[in-house]
Amino acid sequence: MVNTAAVNPIYRDKKRRVWELDVVRGIAVIAMCFDHLMCDFIMLPYWFSNYKKVGNGFIGALVKFGNAYWDSAFRFWAHNIFVLLFLFLVGTSCAFSRDNTKRGCMLFVVAWLFTAASLVAKQMGILDQGIIFGILDCIALCILCASAVDIATKPIKALNVYAPLVIGVIVLAFGIKLEFWKLGEPYDKTFTAAHIYDYIMGFKGYGDDWFGLFPYVGAVLLGMYWGKAAYKTRVSLLPRADGVWFKPFKFVGRHALLFYVLHQVAIAGIVMVFCLCLGYRF
């Protein structure tokens with residue numbers, strides 16, 4: 001019998017998608033939505049001019065909960081784990097793609113549109129700084145780096161498989177040694193053109209959504225290695241474990257980019273409308 005599992009890119013075929021990757025990606029996206037919801041709770045006193053005057057106890061409790069979550073060790077570890085996990089899955093998708101260079105360039109276009117929208121929001125007073133190099137820019141550049149590694153090592157099969165593993169481990173090891181979660185400190189409050197290289201590389205932080213290339217490209221390269229090694233035939237490793245209860249997570253995972261682009265507007269909008277109904281005013 002001829003195995004046709006890898007004839008077409010798996011991410012384009014809903015019937016043959018690797019369901020467990022969609023589930024884990026969906027969980028990571030949902031965790032991101034929760035994280036941003038907590039951020040919205042923190043911002044409520046700054047969004048509404050009559051926040052103190054209304055003094056609603058329930059809204060006050062949400063603000064306290066958001067602050068407690070944001071300052072907790074749980075948030076620190078969960079945030080870093082889920083970001084690295086999501087980027088690892090980005091790398092796994094790179095192993096399935098026919099043209100990562102095209103994917104990376106297309107995502108850069110989306111990222112620039114998102115940046116433009118954020119700068120408009122900054123002028124309207126909705127955001128403090130806007131986005132210069134956010135998670136979409138980071139993912140796009142990481143995909144292009146993964147594509148460059150893949151193209152450069154393709155003539156030698158073993159090198160093509162193991163180069164992402166070696167480079168990824170080295171980059172992440174250096175990132176951990178340098179405590180990458182602190183690399184953005186001190187965090188710039190105003191944009192400085194002379195620091196754009198540092199913003200992109202991850203050595204200096206700026207913006208309402210900032211993720212430098214280093215060391216996250218290491219997670220993407222490790223994901224690409226995993227995709228090549230574990231999914232050679234591009235089929236699920238756990239076909240019998242799939243079930244109807246995973247459908248919500250799979251749906252979110254399949255449409256991760258759409259959820260990322262729309263979730264913050266939707267969540268913030270719902271929170272704002274709810275507060276306006278309680279008497280709060282901008």
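All figures in this text were calculated on a predicted structure; none of them were measured in a lab. The first residue of the sequence shown is numbered 1, and numbering continues consecutively from there. Every heavy atom of this structure was used, including side-chain atoms; hydrogens, water molecules and symmetry mates were not.
Listed for the Asp242 side chain is no donor-acceptor partner under 3.5 Å among the backbone atoms of Leu238.
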(request) Take Ser93 and Arg25 through the test side chain to side chain contact (heavy atoms under 4.5 Å, CB included) and record every step on the way to the result. (result) CA-CA 11 Å; Ser93 296; Arg25 187 183 297 109; 3.1 Å; yes

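For Asp188, the side-chain hydrogen bond (donor to acceptor under 3.5 Å, both in side chains) partners two or more places apart in sequence, or in a different chain, are His195, Tyr199. Residues satisfying the side-chain contact (heavy atoms from CB on, under 4.5 Å) test with Leu84, not counting sequence neighbours, are Leu172, Phe180, Tyr216, Ala219. For Trp19, the side-chain hydrogen bond (donor to acceptor under 3.5 Å, both in side chains) partners two or more places apart in sequence, or in a different chain, are Ser236. With sequence neighbours left out, Tyr206 forms a side-chain hydrogen bond (donor to acceptor under 3.5 Å, both in side chains) with no residue at all. In this structure Gln123 satisfies the side-chain contact (heavy atoms from CB on, under 4.5 Å) test with no other residue, sequence neighbours excluded. A search for side-chain hydrogen bond (donor to acceptor under 3.5 Å, both in side chains) contacts involving Thr101 returns Ser147, not counting sequence neighbours. Scanning for side-chain contact (heavy atoms from CB on, under 4.5 Å) contacts around Ile156 gives Leu159, with sequence neighbours left out. A search for side-chain contact (heavy atoms from CB on, under 4.5 Å) contacts involving His79 returns Asp35, Arg75, Val83, Phe211, not counting sequence neighbours.
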Per-pair distances, 0.1 Å, donor-acceptor, side chain in residues 132-141, under 3.5 Å, sequence neighbours excluded:
{"from": "Asp137", "atom 1": "OD1", "to": "Gly134", "atom 2": "N", "distance (Å)": "3.0"}

For residues 256-282, dump all side-chain donor-acceptor pairs below 3.5 Å to protein atoms at least two apart in sequence or in another chain.
{"from": "Tyr260", "atom 1": "OH", "to": "Asp209", "atom 2": "OD2", "distance (Å)": "2.9"}
{"from": "His263", "atom 1": "ND1", "to": "Phe259", "atom 2": "O", "distance (Å)": "3.1"}
{"from": "His263", "atom 1": "ND1", "to": "Tyr260", "atom 2": "O", "distance (Å)": "2.9"}
{"from": "His263", "atom 1": "NE2", "to": "His36", "atom 2": "ND1", "distance (Å)": "2.6"}
{"from": "Tyr280", "atom 1": "OH", "to": "Asn56", "atom 2": "N", "distance (Å)": "3.3"}
{"from": "Arg281", "atom 1": "NH1", "to": "Leu276", "atom 2": "O", "distance (Å)": "3.1"}

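In the hydrophobic clustering of this structure, Met32 groups with Trp181; members are Ile, Leu, Val, Met, Phe, Trp, Tyr whose side-chain heavy atoms approach within less than 4.5 Å, directly or through other members.
No more than 12 heavy atoms of other residues, nucleotides or ligands lie within 6.0 Å of CZ in Phe174, so this atom counts as exposed by the packing criterion.
With rounding to the nearest 0.5 angstrom, the CD1 atom of Ile196 is 12.5 Å from the NZ atom of Lys204.
Applying the side-chain hydrogen bond (donor to acceptor under 3.5 Å, both in side chains) definition to pairs two or more places apart or across chains, those involving residues 160-178 are Asp150-Asn160, Thr153-Asn160, Asn160-Lys228. Pairs of residues two or more places apart, or lying in two chains, never qualify as side-chain hydrogen bond (donor to acceptor under 3.5 Å, both in side chains) while including a residue from residues 110-120.
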